[in-house]
*Asks:* 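Could you have a look at this structure, given as structure tokens, before my questions?
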Amino acid sequence: MTPVSNSTLSFCGSDNSSAYKVDNGLLNNGCFLDALGVVPHVFLLFSTFPILFIGWGSQSSKVHIHHSTWLHFPGHNFRWLLTIVLLFVLVCEIAEGIVFNQSRHLHLYMPAGLGILAAITSIVYYHNIETSNFPKLLIALLIYWTLAFITKTIKFVKYDDHGIGLRELRFCITGLLALLYGLLLGVEVNVILRRRYMWFPCPTEVKPPDDLQDLGVRFLQPFVNLLSKSTYWWMNTFITSAHKRPIDLKTIGKLPISMRALTNFQRLRKTACVLNTEKGPVPLKGSRWIWLALRQAFGRPLVLSITFRFIADLLGFVGPLCISGIVHHISIRIARDNKLLLGVHFISSEAFLANAYVLAVLLFLALLLQRTFLQASYYVAIETGIKLRAAIQTKIYHKIMRLCTSNMSMGDMTTAQICSLVARDTNHLMWFFFLCPNLWAMPVQIVMGVLLLYSLLGVSALIGATVIVVLAPLQYFVATRLSRAQKSTLVSSLLRLKKTNELLRGIKLLKLYAWEHIFRSSVEETRRQELRNLRTFALYTSLSIFMNAAVPIAAVLTVSHFDLSPAVAFGSLSLFHILVTPLFLLSSVLHSTVKALVSVQKLSEFLGSTEIKIDQDPAVQTAATENNNSNIKSVVSSIVNGYFTWTQGCPTLTNIDIKVPFGQLTMIVGQVGCGKSSLLLAALGEMQKISGNITWNRKRGSVAYASQRPWLLNATVEENILFDMVPNEKRYKEVIEVCQLQPDIDTLPQGDQTVIGERGIILSGGQRQRISVARALYQQTNVVFLDDPFSALDIHLSDHLMHEGILKLLRQEKRTVVLVTHKLQYLPHADWIIAMRDGTVQTQGTLKDIQCAEPELFEQWRTLMNRQDKENTTELKRKSFRRPMYSTDTLATEDEDEESSTSTDEDSLRAELRHRTTIPWSSFATYLRAAGLLLLPLLVLSQLSKHSLMVAIDFWLAHWTSRVIAAQIESAERNCTDTKDCEFSHSSYLQVFCGLCALGIVLCLVTSLAVEWTGLRVSRELHCSLLRTIVLAPMRLFETTPLGNILNRFSADTNTIDQHIPVTLECLSRSTLLCVSAVGVISYVTPLFLIALLPLAVACYFIQKYFRVASRDLQQLEDSTEMPLLSHYSQTIEGLTTIRAFRHEQRFKKKLLEHTDANNISSLFLMAANRWLEVRMEYIGAFVVLIAAVASISNALCSQLSAGLVGLGLTYALMVSNYLNWIVRNLADMEVQLGCVKRVSGLIHTQPENYDGLMTPAQVPAGWPKYGEIQIKNLSVRYDSSLKPVLRHINSHIRPGQKVGICGRTGSGKSSFSLALFRMLDTIEGQIVIDGIDIAKLPLQTLRSKFSIILQDPILFSGTIRFNLDPERKATDQMLWEALEIAQLMPVVKALPGGLDAMVTEGGENFSQGQRQLFCLARAFVRKSSILIMDEATASIDMATESILQKVVMTAFADRTVVTIAVSPCTSLNYTIQSYTAGVFSSGPRGPLSCRVLLQTASDFLVTLKTLISWFRCV
């Protein structure tokens, strides 16, 4: 056959006439068979392009088809996998045609090129049809797969007929193509059978997933196609949009249903139920049950992750093998081995894989696949871990809702322990699941690495592997020590945080007592222990990093005396690095496993803790339960013969027989610690019942409960009062008026929409108490329990709340009220009274009943009630004096401050948006300055020296191996027969190599130590400065800054500076220098690489630019959503009794699910963003390898570049692909972590108090103040220089030994007066002279150490009772017992195990509120100072105890000056009777505050008493 045209000749080739012969038929001509294969591709291109263009044209106004129409046809993933494999085989066919057929036969690679275009078109076409849910258009693909399968099958059969077998590569490629087209045809037929869209009368209607119908779901990873899943293409828009506007919860949307906490919790609970059912009547317990449940619920995706990891690890060995093959091909030119059949040159697979260019492409494709599978494994493992964490957190919360209150009150289980279980232990399990695939992958890596090394090095490989294995126990030892050091560091850190928390919570008391330096020293001592542990941790971390770098070098040294060729040298070096990695990870995996085992054990113990039991039996009215009193018509609740306890020991309440009448007011009274609050909790089912019955007249519903310690949500004032009730404006205003909250609300920045912070931190104690009561009053429940609601209120507020709220509002609504109180003056209003004493009911009945049955008790009550009879005022007067407390000037000032703060916030937001793309270099400079002038140069020089030396080692190795090859070639050319003459001497090269390696190993250790020691130095300096600044800071800082913010500087920020920044800094510097070294080496080997590097560098720049912004936002969002989650746990634990009383468990569970899902969606997006970055950076790294390989091969073949340098360049190119993404990741992490440095540095610059004075401590007279005389001369003080004075022009004279009472309304300046004595406020003018010395001249520490004060809020610290009474350790045991006896606490302390050495839990939770206040009284008595200030010290104790204490003060401090501040005139009047001096502070922001000395002589007492009461009423 003669060619008819030049085009025909160019298609079939012009150098071989046999290519056109058709004597044996067209099907026996190779060119015709290839031309026949073009037909299906042309058909598909011409049939689908119009449809694609029409589809895209119709969507021209939209960015993309909305994902609400997305769904996956049957066989979706399999189709994508087959298409990817098809593309790979077609690329191989093109390579075979181009590389090995220099005749330029177009038919050898043009059909394959069209096949690639058709395959890409087919998947794009399929994707558009799938997203549009229009399967009928798939008919074009069905025809295409059929035609392609037929043509490839014909070609395969003809090859077989002509004796072409498996040795020929083209035969194998043709067979694979026929198989792939056949499988794709099967997939298409399966779609028809499943969807029935053609040839069936009724097609199957399939709707997209429910998640995609919700426009709020924006996490699309489970729903996109396989290519988008593997490359995270769907994240592109999300990442780039973050550069324009900050990412918030609205941006990331909601979680898909399958990832939500409720879904995974139900899965875990269902699995647990199935396991318990399978095990029969004895349920599974302990940690084994948890592990089985987790495996059953979440094990399947973990198997998928392990599979992906296996594939990635196997592909990881392709790199060293390809490098070895490339260098071998360059070293020894292989002759082409091919044969001519059917007019086509056929080559073997061995010859194909021996080509250097082919190996370069295979290396590139292997890197792409290896990184893709590795990231897929990471994603699946982390996603599973996040699901598991959400399920366990939800299960913990459900357990909390059933937790017995005694576990918390007796210190068996603290809020911190449960929050640690939620925050730390669940994360341990999550990260264990993430690292779990390594447990299965490590053996595969080790076995494969040893086998490949053996194939390269023979027996010597076993020697190198033996070195690594021998050093593995040393690595394990280091890892074990590292784990122990980390545990010790954690223990020290928790202890330090506990002490810091107590210091911050009690900072006011510590400053007033001059004890701040004692507690600071205690924190610093704990910090020193923590730093010692951190130093040990840093040392072992350095050893671990050092061994990871040194072990491969040591392994190479062991085999260096054998003959080295470039192929063996560089291939073995890469394999040794791969072999070290699993051994290095072994310690981390084992450490994570141990932590997971411990966490599961702790979780098992928590889930097995005691739960409450709620009696739900309906009450049965019998003769025994009826009361003889005719006033009681029915009983809401009763307890018969009840014995209750908080622990397993002796009962707290004994022989309880009470009844609560329906629709009436029941009061519970008694002394401090007699069991009043416990009785309420017993009725609510919160105590452990030993015996007896608790009955309600119907199933117990919601009970409006206000606890003794107010419990508030971190929400607005309105939300705290409504408590999820339907808003009722009329009722809301009525409750606000009853609780006198409107003036307080008016002073808040946003009124009742102000968020009050955690535990109501921005409110006073009285405000918190009234909001808690308002919540109970607002509810529409039939029963209201009020536990001592008047303890933090002055007499006016108490009286108004009692009459307007309880006696009027609640009685009008016929609600049953149970009131615990010390205010005995309200007893006449009670319908039923229960008197408690020593944990049992002393008596109960109406007041008349008790008068008859217990006349002595009644007389005692009447005496105490008469003390406050004259304090009752009319309703009109009560309403008239509250408003003047709040000044219009103050409100105007606050409005101005709010406007300025709002504008400042807006400016700050704009500045933040402008600087979101910049790195906080100033914070980095602060960090480096803290390192000092010695460590900083050492750090920089060691890093540069180490990496320069590593490059020198590799260059020397390349030079050495090149000399070996040159010597071998020279010997072959000379036909050398004498062994001695032909032998190459390795000794000189080996000596230099060993010397460089030894120096490199030493520098590795020095560098690691420099980084860790620099981090330790910075940690020590910043924490020490921060602690000293906080301790010396004025109280204004603590009053205006939330305590949680300050504590976060000591906890999260300090932990980041201690442990995270050094690691990130080391990794960032190492990755950056490695990549710079790699680029430099590759550019030196192949200068042309610099041309191709430019676009890659531009791509890297934009990727990191967009990623850093998104990553920072997502990390901050993850942290910001984690805090509300943990806060919700702590709030729930603290308010557990209130939540269960209100029956609001389901509402709080729903809120938890919202917080958990918000945190998880942030974590998932952050994880997906990290995968997005790593995939792109590693793809760029793969392109770097490809470009470097092709350029090096071309350079070596053209200009005789040494094989050693080629291997060196490729080895460093692989390093780029490994470390490129770590540069960006660590840069983003460093940005976030430097924010901690910035916050700590900002707090360090706080202006401290002026502790110095004009006098030195030595100049202060010994025993000062000896008499206690106080002279106040024209004193004006303010809280801050930016605020108005709170006291103006105060003049007073308190003589030695006088007992002075100061009273006034809330906010009138009483406490400010006491603080001025301690110089806690800024003095504008005037002076305070005590015993002849102006206190402004005294050192602050000396001044405060000479006084005693008792605050309204009782503060106890964890430790012994001895420590709480005398932290300075100056008092003897006799003095301590004397103080306890004075405070009526000696019987209580003697009953405790250890007496004075008995432990006090955090916050004094193992004592009642009143007992804690008594301990504070005893603490003041221990100091024995000549001046005692009592700031509403008796607010939380009953009146009988208060009366005793007042008498004790008069006797124990008879010769000392006592200043008592009280909102109640009766307390002040008591001191007036004794000492004839009293003062009234009037509130008047419109004019100066004044202190009037009303009484000077005993004869004026009656007149003064009347005047005092009239002043108190009217001012």
Side-chain angles (χ1 to χ4, degrees), residues 261-307 309 380-404 407 412-413 417-443 476 479-480 483-484 486-487 490 586-612 1129 1156:
L262 180 60
T263 305
N264 292 287
F265 167 68
Q266 291 174 343
R267 180 185 301 160
L268 181 61
R269 185 172 59 181
K270 181 180 179 181
T271 303
C273 293
V274 171
L275 287 174
N276 286 327
T277 303
E278 292 176 352
K279 296 299 177 180
V282 181
L284 288 170
K285 293 182 179 181
S287 58
R288 181 171 175 267
W289 166 82
I290 297 177
W291 283 116
L292 287 174
L294 293 179
R295 187 191 68 181
Q296 293 288 340
F298 304 102
R300 184 173 296 178
L302 202 60
V303 173
L304 180 63
S305 175
I306 293 171
T307 303
R309 183 59 185 269
V380 174
I382 297 178
E383 182 194 89
T384 306
I386 291 175
K387 291 180 179 179
L388 174 143
R389 181 182 66 179
I392 295 178
Q393 287 176 343
T394 308
K395 188 167 185 64
I396 290 173
Y397 195 81
H398 280 245
K399 177 67 179 182
I400 290 173
M401 283 300 182
R402 303 190 303 272
L403 200 61
C404 189
N407 293 327
D412 296 336
M413 192 175 298
Q417 287 174 331
I418 298 178
C419 288
S420 175
L421 195 67
V422 173
R424 298 180 62 87
D425 294 295
T426 55
N427 275 320
H428 288 165
L429 284 172
M430 182 186 74
W431 286 111
F432 169 74
F433 264 62
F434 171 59
L435 293 174
C436 194
N438 289 297
L439 285 173
W440 304 95
M442 284 187 298
Y476 179 74
T480 304
S483 175
R484 291 180 183 177
Q486 190 174 24
K487 289 180 181 178
L490 178 61
L586 178 63
S587 59
S588 300
V589 174
L590 291 177
H591 180 53
S592 177
T593 303
V594 171
K595 289 199 295 186
L597 290 171
V598 172
S599 296
V600 169
Q601 182 62 37
K602 291 166 62 178
L603 183 62
S604 172
E605 293 173 359
F606 172 75
L607 294 178
S609 56
T610 309
E611 299 182 0
I612 61 170
Y1129 275 94
T1156 306

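One-based numbering along the sequence shown. Here the structure is a predicted model, which means the values were calculated and not measured.
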*Asks:* Is the shortest heavy-atom distance from the side chain of Gln296 to the side chain of Leu275 under 4.5 Å?
*Replies:*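 Result yes, sub-4.5 Å side-chain heavy-atom pair found.
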
*Asks:* If you round to the nearest 0.5 Å, how far is OG1 of Thr384 from CG of Leu304?
*Replies:*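 Nearest 0.5 Å value for the CG-OG1 distance: 8.5 Å.
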
*Asks:* Checking side-chain polar atoms at under 3.5 Å, does Asn427 have a donor or acceptor matched by the opposite partner on Arg424?
*Replies:*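 Side chains of Asn427 and Arg424: no pair found under 3.5 Å.
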
*Asks:* Is there a side-chain hydrogen bond (donor to acceptor under 3.5 Å, both in side chains) between Asn438 and Arg309 once you walk through the steps?
*Replies:* CA-CA 8 Å; Asn438 289 297; Arg309 183 59 185 269; 2.7 Å; yes

*Asks:* Does some side-chain heavy atom of Val380 sit less than 4.5 Å from a side-chain heavy atom of Leu302?
*Replies:*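 When only atoms from C-beta onward are counted, Val380 and Leu302 do not touch, as no gap falls below 4.5 Å.
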
*Asks:* Could you tell me the separation between the OG atom of Ser604 and the CD1 atom of Ile290, rounded to the nearest 0.5 Å?
*Replies:*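 These two atoms lie 4.5 Å from each other.
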
*Asks:* Working to the nearest 0.5 angstrom, can you tell me the gap between Ile392 CD1 and Lys399 NZ?
*Replies:*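 Rounded to the nearest 0.5 Å, the CD1-NZ separation comes to 15.5 Å.
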
*Asks:* Using side-chain heavy atoms (C-beta onward) and a distance below 4.5 Å, is Leu388 in contact with Asn264?
*Replies:*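 Heavy-atom side-chain distance check fails, nothing below 4.5 Å.
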
*Asks:* For Val303, does its backbone N or O pair with a side-chain atom of Thr307 as donor and acceptor, under 3.5 Å?
*Replies:*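 Confirmed, Thr307 side chain pairs with Val303 backbone.
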
*Asks:* Atom CD1 in Ile400, atom CZ in Arg402: separation rounded to 0.5 Å?
*Replies:*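 Going from CD1 on Ile400 over to CZ on Arg402, the span is 10.5 Å.
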
*Asks:* Could you give the distance from NE2 (His428) to CG (Leu603), rounded to the nearest 0.5 Å?
*Replies:*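 These two atoms lie 13.0 Å from each other.
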
*Asks:* Report the distance from atom NZ of Lys387 to atom CD1 of Ile382, rounding to the nearest 0.5 Å.
*Replies:*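 Going from NZ on Lys387 over to CD1 on Ile382, the span is 13.5 Å.
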
*Asks:* To check you understand the geometry: which heavy-atom pair defines the closest contact between Phe434 and Ala381, and what is its length?
*Replies:*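 Smallest interatomic distance, heavy atoms only, reads CA-CB, 3.8 Å.
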
*Asks:* Starting from the C-alpha separation in whole Å, work towards a yes-or-no answer on side-chain contact (heavy atoms from CB on, under 4.5 Å) for Leu607 and Trp289.
*Replies:* CA-CA 11 Å; Leu607 294 178; Trp289 166 82; 4.1 Å; yes

*Asks:* Is any side-chain heavy atom of Leu262 closer than 4.5 Å to one of Thr394?
*Replies:*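 Of all side-chain heavy-atom pairs linking Leu262 with Thr394, none is under 4.5 Å.
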
*Asks:* Looking at side-chain heavy atoms only, is the closest gap between Phe265 and Gln393 below 4.5 Å?
*Replies:*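 The answer is no; the side chains never approach within 4.5 Å.
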
*Asks:* Would you say the ring centers of Phe298 and Trp291 fall short of 6.0 Å from each other?
*Replies:*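 No, the ring of Phe298 stays outside the 6.0 Å limit from the ring of Trp291, centre to centre.
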
*Asks:* Would you mind reporting whether Ile396 and Thr426 have side-chain heavy atoms less than 4.5 Å apart?
*Replies:*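 Side chain of Thr426 against side chain of Ile396, heavy atoms only: contact under 4.5 Å found.
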
*Asks:* If every non-hydrogen atom of Ala293 is compared with every non-hydrogen atom of Thr271, which pair is closest and at what distance?
*Replies:*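 Closest pair (atom of Ala293, atom of Thr271, distance): O-CG2, 3.6 Å.
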
*Asks:* Are side-chain heavy atoms of Phe433 and Arg389 found at a separation under 4.5 Å?
*Replies:*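 Of all side-chain heavy-atom pairs linking Arg389 with Phe433, none is under 4.5 Å.
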
*Asks:* Any heavy-atom pair between the side chains of Tyr397 and Thr1156 that's under 4.5 Å?
*Replies:*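 Of all side-chain heavy-atom pairs linking Tyr397 with Thr1156, none is under 4.5 Å.
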
